[in-house]
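Because only heavy atoms are used, hydrogens play no part in the values below, and waters and symmetry mates are left out as well, while side chains stay in. Predicted, not measured: the structure shown is a model, and the values here were computed from it. Counting starts at 1 for both ligands and their atoms, following the listed order.
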Amino acid sequence: MPTRRHILAFAALNAIGRVSASQAENRPRAVATFSILNDLVKNVGGERAEVDALVGPNGDIHVYAPTPADAKTLAVADVIFVNGLGLEGWLDQLIAASGSKAPVVVATRGIHPRKMTDEHDSNRLVSDPHAWQSVANAEIYVANIRDGLSAADPAGKEFYQARAAAYLAALDALDLEIKAAIATIPPDRRRIITTHKAFGYFGDAYSLEFIAPEGVSTDAEPSARDVANIITQIRTQKIPAVFMENITDPRLMERIAEETGAKIGGMIYSDSLSPPNGPAATYVDMMRHNVRAFQRALTS
Ligand code: ZN
């Protein structure tokens, strides 16, 4: 028999439901491993899902050192979104330590990974994890996020589908905008130096060549020989511009610019968003900011 308390609680829930889905008792708690993925999850989850990131704005996910607070965040998660492709090397241990039994959704599932030689072992191929740097890939992330949220919160399925569809339309427009911006750059100037190899997917998708002294991770400093090779390459190929990344030490790029006369094209965002008041606080703003920086440096 339902008690008076049950009935009151049910009435209260109903009232909440009429106000807004955001105030429902059962908001799923989602955790994303880093700020870019966090923004994609928030765009699909809207006010219905509670979303936290482990590695925040300007953080370097390659060399992240998890904290006890991260284990607590994971322990109460209903669903965990990860990039995969080897990006979060520290995560399995953290999940085990947290005791979390939440499903882990790999946002890059279904993406065709770029393969590169491992900097630590030239006989080994590794996957390039920076798949979000192509908008077509980000659209695959969004589909996986939609399905992951729907599985964690079946009552919200239609909500997530509608949000994902609207966001995918915005990403289609962003993709066209990037292609139009790149089309203004003369093909013989489409070469850029960045600190680490984070823009391979961008280069493949939008016909730009990226060269970097550091590998696909930021865990090792480039050797003197790597830097000397880049300097020679900039001179012989007349590469117009070098860029700083928000997650890496700017001094190496400053030195390379000084020795080669290449101009510094400004700050770009590779693996992490800017803080909310910065120029790359969302995925869309990040991609837009980066392509404008490339365009400015290579067309002037
Ligand atoms: Zn990276």
Side-chain angles (χ1 to χ4, degrees), residues 32-41 53-66 81-92 94 106-108 111-121 124-138 140-141 192-206 208-223 226-227 230 242-253 256 265-275 278-283 285-287 289-291 293-294:
T33 48
F34 66 121
S35 57
I36 295 169
L37 187 54
N38 182 51
D39 180 60
L40 299 179
V41 177
L54 299 179
V55 185
N58 287 339
D60 183 350
I61 190 166
H62 295 293
V63 294
Y64 184 64
F81 291 97
V82 308
N83 185 78
L85 303 180
L87 183 68
E88 302 103 335
W90 40 269
L91 186 70
D92 286 352
L94 178 66
V106 179
T108 54
I111 280 169
H112 205 70
R114 301 179 73 240
K115 292 288 181 188
M116 344 220 351
T117 308
D118 184 356
E119 309 72 79
H120 306 293
D121 175 1
R124 237 185 94 211
L125 281 181
V126 289
S127 292
D128 177 353
H130 306 88
W132 61 86
Q133 286 291 350
S134 128
V135 176
N137 284 344
I140 297 175
Y141 282 57
I192 280 172
I193 309 286
T194 59
T195 315
H196 87 295
K197 293 187 175 60
F199 292 92
Y201 292 92
F202 190 105
D204 288 354
Y206 305 113
L208 223 60
E209 189 184 347
F210 289 87
I211 301 140
E214 288 182 21
V216 287
S217 177
T218 54
D219 63 356
E221 295 279 308
S223 67
D226 293 335
V227 176
I230 289 269
V242 306
F243 287 83
M244 320 286 190
E245 288 170 39
N246 64 321
I247 62 160
T248 57
D249 187 334
R251 284 173 297 187
L252 174 63
M253 289 295 113
I256 290 174
M267 174 80 80
I268 51 170
Y269 294 81
S270 49
D271 298 11
S272 209
L273 299 178
S274 70
T282 66
Y283 173 75
D285 284 349
M286 173 186 86
M287 296 301 285
H289 169 90
N290 287 349
V291 77
F294 300 150

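Closest of all the heavy-atom pairs between S272 and N58 is OG-N, 3.0 Å.
Checking S35 against N38 by side-chain atom types alone, no donor-acceptor pair falls below 3.5 Å.
Evaluation of the salt bridge (Lys or Arg N to Asp or Glu O under 4.0 Å) test over residues 125-138, restricted to residues two or more places apart or in two chains, returns R114-D128.
Under the side chain to side chain contact (heavy atoms under 4.5 Å, CB included) rule, S270 has a single partner from D60, T194, N246, I36, which is N246. Here the rule is side-chain hydrogen bond (donor to acceptor under 3.5 Å, both in side chains) with T195, and of T218, T248, D249 only T248 fits it.
If you count the protein N, O or S atoms nearer to the Zn ion (ligand 1) than 2.8 Å, you get 4.
In summary, the aromatic rings of F294 and F243 are positioned with their centroids under 6.0 Å apart.
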